[in-house]
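Here the structure comes first, spelled out in structure tokens, and everything after it is commentary.
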Amino acid sequence: MALELNNEYQYGFHDSEENYAFKSGRGLTKEIVLSISKMKNEPQWMTEFRLKSLEIFYKKPMPKWGNTQLISEIDFENIFYYVKSSEKQEKNWEDVPKEIKNTFDRLGIPEAERKFLAGVSAQYESEVVYHSLREDLKKLGVLFLDMDSGLREHPEIVKKYFSTIIPPEDNKFAALNSAVWSGGSFIYVPPNTKVEIPLQAYFRINTENMGQFERTLIIADEGSSVHYIEGCTAPTYSSDSLHSAVVELIALKNAKIRYTTIQNWSKNVYNLVTKRAVAHEGAVVEWLDGNMGSKLTMKYPSIYLVGEKAHGEVVSVALASGSDQHQDAGAKIIHAAPNTTSVIISKSISRNGGRASYRGLLKVLKGAANVKSSVKCDALMLDEKSRSDTYPTMEIDEQGVQIEHEATVSKIEDEKLFYLMSRGLSEEQAKLMIVNGFMEPFVKELPMEYAVELNRLIELEMEGAVG
Amino acid sequence: MAELLKIKNLSIGIDGKEILHGLNLEINSGEIHAVMGRNGSGKSTFSNALMGHPAYKISTGEINFNGTLINNLKPNERAKLGLFLGFQYPLSIPGVTVANFLRQANKALKGDAVSPRDFRKLLYEKMDDLEIDHVFATRYINDGFSGGEKKRMEILQMAMLEPKLAILDEPDSGLDIDSLKLVAQSINKYKEKNPSVSVLLITHYQRMLDYIKPDKVHVFVDGNIVESGGPELALELEKKGYDWLTEKEAVKA
């Protein structure tokens, strides 16, 4: 196994590609889209959907928000749009090809499954290579598959919901994903079924200039609940890769979905993801979004509260570390029904020249009476050369709504450092303690194992933060 | 008794302005010294400089602690030698619980000897001494605490971290009489359990000294000690105020 270890980013190694089953040529053509669809044996409607999306992608201009300079540098002709590392997907960990297995072992994936997960999916390049779900959940009728298998085995559900929340016309990258999507998760939870233990998917890019376009669709039927967690890493290369996912969540009446992301891409990955949820009457949707790596992340998890008394929450943290990193993240909540409530908590940290932006939209449609919402954005800057911006937008078309909005920008004060150091902590430990405290509102929502992992990642990022 | 702190001809400035001018002070193990003086007389500069606040620069003189010259040591290095500063205005650290903070500080100072369980037991014991509700262990440090709660939290930290010299910067300011008694009792209790510990108590008022008996009292005027004596000096100050000392200084000059 070829290893290239990067000192700063611990997941920066990559494996040999010599045993790969298929790798498309560089660049995006109609032929590539057709061959992806053909290799996957897709129904006609999906092939047509892909081709239509490709047309939209060609026509759509680049987004006018976020970091327009960096996204203009993406070379769509230099990207591999479909890379298949293995012929088939395995249910036994032992059967996964050795090199891929080694990678996931190093990332701690099977270990995590044994310990505390109800189901695990591991995606390597374009395809899911390993998948498992606990037997008791299968018996309850819970479906947890990779998206391709979901389409094959449950076409009626997929056809009913797929792309209903995020149409390809939504934005250029949603169109791109719609044209070349591969992998991702498909989850259906039957009525009144509670999945108490988290389901997890893990996404790994290995090839240089790879484009990963997973597609996730989660449907929580009436009165059900589910918690889904995703993690992501990639090797460190000198040229860029693109991760552009589309995630659609549907929480039907009184259902609850919590979606947790701990993203830790290497610094050469463009992470341009569209995530959106619909919450029906009495439903609850929570996005917990942790953005740690990447070159540029543009991601604004959204919730459409379309049924009465629906509730939405977006709790996010972003760490922008170094002048080659920009986290442009935020949240969108649309109140489209009366008596709906929402909470947005955004925490960003920028250090060593990094740039963190909060971009948010809170919208209350006419007729959505008695809405309550609270928006809180806190930015922490660790040095003078780092940058933090806030772009909050509110569009309120209804009277009598209750909205709280609070934004703070702070630095680590010398007095606080002195206070902590006087108790024996080194400067580095003191800074880390302040940063961890700042992130606490996010971290405390995570399952314990993830909280520990996230704290460890922050610690690694913060190493050498003194000076 | 063994000499713990020895300060020779210490001058300290901040932003280029000298605040302390050639101060001398010696504290032996087990002694309680009180430093009194008006606002602005340099008491807090003195306490911050002793702990190693980076904004306060030493221009001349030496600070020796337990036989080590500490002039150039960082605050955490001084803490490791056994210095502790109870802050006049303790800072809040949102998101960091009192228990987590104290456990990490304890680990930094003493290594990882105590198990989490024993640590919690010890913490609860000390909290009981100070009549601090156990729920404070899971609250964020000084976040939303009242003035009295903050001051008691400083004493709790002292009791947990077990310094050789506790510099307490106005532990009585802003306290009602009941809180003041509690704070004083817990300082005394710590002192009884650890007789070799020295305390440098900085205060405005005689009041605190009704509960904590100092061995020596020093009076600060304009950045120096102008008078030192026994506990009776504090009583004299209470009666006469500081003016007679200021005048005495003027005559000397």
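Every chain is numbered from 1 and lettered A, B, ... according to where its sequence line falls, protein lines coming before strand lines.
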Atom [atom1] of [X]: over 12 foreign heavy atoms under 6.0 Å:
| X | atom1 | answer |
| --- | --- | --- |
| Tyr89(B) | OH | no |
| Asp133(B) | CG | yes |
| Glu125(B) | CD | yes |
| Lys376(A) | NZ | yes |
| Lys194(A) | NZ | yes |

How long is the straight-line distance from [atom2] of [Y] back to [atom1] of [X], given to the nearest 0.5 Å?
| X | Y | atom1 | atom2 | result |
| --- | --- | --- | --- | --- |
| Tyr419(A) | Ile93(B) | OH | CD1 | 7.5 Å |
| Lys74(B) | Glu427(A) | NZ | CD | 6.5 Å |
| Glu440(A) | Asn100(B) | CD | CG | 8.5 Å |
| Lys107(B) | Leu425(A) | NZ | CG | 11.0 Å |
| Arg423(A) | Asn106(B) | CZ | CG | 13.0 Å |

Closest heavy-atom contact between [X] and [Y]?
| X | Y | answer |
| --- | --- | --- |
| Ala108(B) | Gly424(A) | CB-O, 3.3 Å |
| Ser422(A) | Pro75(B) | N-CB, 4.0 Å |
| Phe418(A) | Gly52(B) | CE1-C, 3.8 Å |

Under 4.5 Å from any heavy atom of chain A - which part of [X]:
| X | result |
| --- | --- |
| Gln157(B) | side chain |
| Leu161(B) | side chain |
| Asn142(B) | side chain |

**Request:** State which residues pass ring-ring contact (aromatic ring centres under 6.0 Å, His included) with Tyr56(B); sequence neighbours excluded, sorted by chain then number.
**Result:** His53(B)
**Prompt:** Among residues 404-416 of chain A, which residues come closer than 4.5 Å to chain B, judged by heavy atom distances?
**Reply:** Glu415(A), Lys416(A)
**Request:** Quick one: do Leu420(A) and Phe101(B) satisfy side chain to side chain contact (heavy atoms under 4.5 Å, CB included)? Show the steps, please.
**Result:** CA-CA 9 Å; Leu420(A) 295 178; Phe101(B) 166 56; 3.3 Å; yes
**Pick from Ala55(B), Pro54(B), Ser92(B) with the largest number of heavy-atom pairs that fall under 4.5 Å of chain A** = Ser92(B)
**Message:** Val96(B) vs Phe438(A), test: side chain to side chain contact (heavy atoms under 4.5 Å, CB included). Steps then yes/no.
**Reply:** CA-CA 8 Å; Val96(B) 181; Phe438(A) 180 78; over 6 Å; no
